[in-house]
Amino acid sequence: FFFSSSFAMPKVSPIVRLAVIRDGFQPQLYLFNQDNPLAGIISEICAKWNIANPEQFSLKSEDTSHYVTEKNRTDLKDGAVLKLCFSPSTRAQNLIEQLQSKVQSDRNQALHDLREEAVDPTFSLVFVQKQGAELLMRIIEECQSRQAQGNTNLGFSLASYAYLLMHGVVSYETIKPKFIHAVLSLTRDENTLVTASALRIAAAYVKNGPQGFATVKSAIPFSELVRHLDREDVKVQEAALRLVNGLIVQSPSNMERLEVFRELERINSVLGTRIQNGQVSSSFAHELYVFQRLSLNRLAERAQYVFNPQDKECVVNLGLLQRNLPDLQDDLPGVAVRAPQSEPKSEMQKAEKLGFTNPSNPQADFQTPPGVLVLDNMAYFANKYQDQYSKVVLDQMSRPEEYSCPFVRTCVGLTQCLLDLLQVGQEPTGASGEFLALFYSHSHAFQEIFCAGAQLVSKTWREMDAKVSDYSKVLTVVRKQLSHTLLAPRDRQPQNFEAFKNMLFKLTYQDILSMEKEEIQKCEQKLLECASVQALKDSLRVKSVNLVKQQRLAYMCAGAYFYSFSSKTKAKRSEQKFYCVLAPNHKTLHWGDPVDREVTETPAAVHLPHELMVSGLKVFYSGSEVPTLGKLKKQADPEVVKSVFAILGDGAEDGIDFFAENPHQASLWRDGFRVLMNKEMEEESSKKDVDNLLNMEMSLRLLDLYGLELQPDKPAVPPPPSDMNFFYNFQDSDTTA
């Protein structure tokens, strides 16, 4: 084997260029080597500033306020700013000593600094290991016992303790019931820092504390949470919503969870006002996303529930659909329906008009997921939007049977489409903040989206002139229309349902086709940017160019008539023609007036009086370069310039002027002569032909790769092994030596 050093994996430089600062010292520009131990780097920085005891110092990021450790040092990027400060251990010990000081000003400053330091998980862990959590709990109890409303120290203490719980460094077994009840009572405090911190502690305790749900639920009434969500302070709102989410997740039963939702019916409108009136931080956006996902997940259970004749709600909803069914003869005059009935409609006839799969047994359409959720949505539509419901059903019945839009069937598909788009049934994950502002503008957001979607299906069905067999195609287009509107970027999302409907109904079937075309072009362009694909394109371009060259020569071999100039003072086309043709072997050019032949016929090369060896071609003139045009007194017409060219043979004094029928014919012959003279083709028509052939060939070659993610660069070849001392035993493992 032979290996080249060029095949080795590219090495990433371990050097990070950053700045190091410290109060009272000149900032340093430092080359942070990721391969060196962190302790050695700190010692080197301390030495430049003549600071003793470097083991007591650490580096801290100015952007995140987190200490640099061996675990997170790889996150450092060029341009970062680090601050040299006391290490977490030293800092924690100093703060604990200050908190135990008898000087009140020292304790006040320590509580203020502790809140800032507790943001970092490394410091929090060290602080707890030094028994700082127990000390902080005593301070909180002392501050509360003073009954000092708006106590700043109490707010700092609670905020610090909330960070310790959020970092998961405190054992919940050490939290006494008396302490947690005291903290929960502080959620009614008027001081926003105290309230927000107490709510964050409550949210953490609900999640991890023993009997957390029961303890918090009994201490904080739901009306209190709604009041906090309606407050102006964003921190209080965010903490209250975090606690609400925790109560929902930790509910021991479905009944408890439903009770939480029932008690918090006003949450959507309250939060919707906050979203529309101000900016939403990333942490608040995450809580909004979690609440939205938890709220929508209630629908997953309903989607799995099948129609039960003993369920009164199901029976009432089914009867509502049939009761609100419009009378076609009265509501749609002048429209011929398929089967007008003069007598009152029977239940089966009503079910048939609604598009049930089995009109004799309408319940069958709700026996499989999404189950009775479809029936709930249809009943909501028929009850709240009776006019729109009537129009959708009438529009269905006004079409011929082959082009009818089965209302119930489309509602089933639409409901499933919305469940998929909104990811109903999936638990909240990560730190996502992709919430829908639309969800917080109405207490029945999912049903409202369904009502708009039902009207959209009817509209799109009409635009596509769809048949019953096109049901899947229509639902695919509707899904894209809904996705484009619902899942738009935050700055383009509709904030209320009026804006949502306007955006949705403006998006036509033709718009979706245009978007799909643009998407395909973007995918192809992205695919073509890959190095391996670009190499393939370069190799195919040579073949495409050669193919166009062959076509140009073949065109010359077919021959053509050209005109002569009729005047030497004016570039006019003469009525006199001459014929020119290239020999099949591409070595001789025959031209001139046909001998004893009619001009209207296509002469053979043997009947042309003049010939010129291709090897004797000396000069080629194109457009304004033609000598004859240069001798004219007046400037030639632009169309004439595009249609003329000339050649000059070796040893000849006068060239041969060609005046083509049109510019296109001239462009084919001009590039043909360039090919004969071993020059590159220059005409736009040739470039266009090369691109068309190349794009067609590339599309065929890459047909199987459409939709796949390719790496922009070729994968690096791994380095060779340190030695070649290896072998493979081909002997069958079942055979003994």
Side-chain angles (χ1 to χ4, degrees), residues 11-103 105-136 139 156-157 159-170:
K11 291 193 68 175
V12 179
S13 174
I15 303 299
V16 180
R17 294 167 175 80
L18 46 78
V20 182
I21 61 175
R22 179 166 172 77
D23 296 338
F25 290 84
Q26 186 70 22
Q28 298 183 29
L29 293 178
Y30 188 77
L31 299 180
F32 190 98
N33 193 332
Q34 295 283 13
D35 293 338
N36 293 342
L38 187 59
I41 294 175
I42 295 174
S43 298
E44 183 179 347
I45 294 174
C46 290
K48 290 184 178 181
W49 279 330
N50 296 322
I51 298 176
N53 303 320
E55 66 277 0
Q56 297 182 1
F57 291 87
S58 289
L59 294 172
K60 194 175 188 180
S61 172
E62 284 287 282
D63 293 333
T64 62
S65 298
H66 287 183
Y67 287 94
V68 178
T69 64
E70 292 293 348
K71 292 183 179 180
N72 63 17
R73 61 183 293 176
T74 55
D75 297 334
L76 294 176
K77 304 298 181 183
D78 288 339
V81 179
L82 303 182
K83 184 176 183 179
L84 183 68
C85 55
F86 285 115
S87 65
S89 179
T90 304
R91 186 63 170 150
Q93 186 61 43
N94 292 341
L95 287 176
I96 290 175
E97 292 175 358
Q98 282 184 270
L99 291 174
Q100 295 173 333
S101 172
K102 295 182 180 180
V103 181
S105 60
D106 291 344
R107 298 181 64 184
N108 295 345
Q109 185 63 43
L111 288 173
H112 176 274
D113 295 344
L114 179 60
R115 186 187 64 159
E116 297 180 354
E117 294 288 351
V119 175
D120 179 67
T122 305
F123 171 86
S124 297
L125 177 60
V126 175
F127 184 78
V128 172
Q129 290 174 346
K130 293 180 178 293
Q131 309 303 316
E134 290 78 2
L135 174 61
L136 193 56
I139 294 175
F156 289 156
S157 304
S160 301
Y161 195 77
Y163 280 123
L164 299 183
L165 292 179
M166 291 165 58
H167 293 319
V169 295
V170 175

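All residue numbers refer to positions in the sequence shown, counting from 1. Note that the coordinates shown come from a computational prediction; the quantities given were computed from them, not determined experimentally.
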Can you run down the salt bridge (Lys or Arg N to Asp or Glu O under 4.0 Å) pairs that involve residues 115-133, sequence neighbours left out, and say none if there aren't any? Lys60-Glu117, Arg91-Glu117
Report yes if some heavy atom in the side chain of Gln34 is under 4.5 Å from a heavy atom in the side chain of Leu76; otherwise report no. yes
Filter on ring-ring contact (aromatic ring centres under 6.0 Å, His included), then keep only pairs touching residues 72-95, sequence neighbours left out; what's left? Phe57-Phe86
Test ring-ring contact (aromatic ring centres under 6.0 Å, His included) applied to His112 - qualifying residues, sequence neighbours left out: Phe156
Here the salt bridge (Lys or Arg N to Asp or Glu O under 4.0 Å) pairs for residues 16-43, sequence neighbours left out, are Asp23-Lys83
Student check: side-chain heavy atoms of Leu164 and Phe127 closer than 4.5 Å: yes
To check you understand the geometry: which heavy-atom pair defines the closest contact between Ser61 and Leu82, and what is its length? CA-CD2, 3.9 Å
ring-ring contact (aromatic ring centres under 6.0 Å, His included) with Tyr163: which residues, sequence neighbours excluded? none
To the nearest 0.5 Å, atom CG of Leu99 lies from atom CG of Leu136 at 7.5 Å
Do Leu18 and Asp78 come close enough that some side-chain heavy atom pair is under 4.5 Å? no
Would Thr90 and Ser87 count as a side chain to side chain donor-acceptor pair (under 3.5 Å) here? Give the steps. CA-CA 5 Å; Thr90 304; Ser87 65; 3.0 Å; yes
For residues Val169 and Pro121, determine if any side-chain heavy atom of one lies less than 4.5 Å from a side-chain heavy atom of the other. no
Show me the side-chain donor-acceptor pairs of residues 38-53 shorter than 3.5 Å, one per line, residues at least two apart or across chains.
from: Ser43; atom 1: OG; to: Ala39; atom 2: O; distance (Å): 3.0
from: Glu44; atom 1: OE1; to: Tyr30; atom 2: OH; distance (Å): 3.0
from: Trp49; atom 1: NE1; to: Gln26; atom 2: O; distance (Å): 3.1

Exam field: side chain His167 to backbone Val119, donor-acceptor pair closer than 3.5 Å: yes
